Amino acid sequence: MARVISDDCVSCGTCAGECPVDAISEGDGKYVIDADTCVDCGACEEACPTGAISEAE
Ligand code: SF4
């Protein structure tokens, strides 16, 4: 499992600095999480100011 970033992302980059495994990078219009790298720790979800990060279904 991995976290996912929704369209609520405003590309502030806060989450990328919190990820311990560098799974988050800037994508086209929003940040994206590499599902193969993410260890589902939840650090980014707490850091996101817009609540755009959640657990993948
Ligand atoms: Fe990185 Fe943890 Fe967020 Fe996964 S859940 S992207 S490992 S900070």
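Whatever order the structure lists them in is the order used to number ligands and atoms, beginning at 1. Keep in mind that this is a model prediction, so the values were computed, not measured. Residue indices begin at 1 and follow the sequence shown.
- Using a 4.5 Å heavy-atom cutoff, the side chains of Ser6 and Ser54 are not in contact.
- Annotation: side chain of Cys44 is in contact with side chain of Ile24 (closest heavy-atom distance under 4.5 Å).
- Within the protein, the number of N/O/S atoms found under 2.8 Å from atom 1 (Fe) of ligand 1 is 1.
- Ile33 places a side-chain heavy atom less than 4.5 Å from the side chain of Ile53.
- The shortest distance between side-chain heavy atoms of Ser25 and Tyr31 does not fall below 4.5 Å.
- Within the 4.0 Å heavy-atom shell around ligand 1 one finds Gly42.
- Qualifying side chain to side chain donor-acceptor pair (under 3.5 Å) partners for Thr37, counting only residues two or more places apart in sequence or in other chains: Asp34.
- In this structure, Cys38 and Val21 have side chains that are not in contact, with every pair of non-hydrogen atoms separated by 4.5 Å or more.
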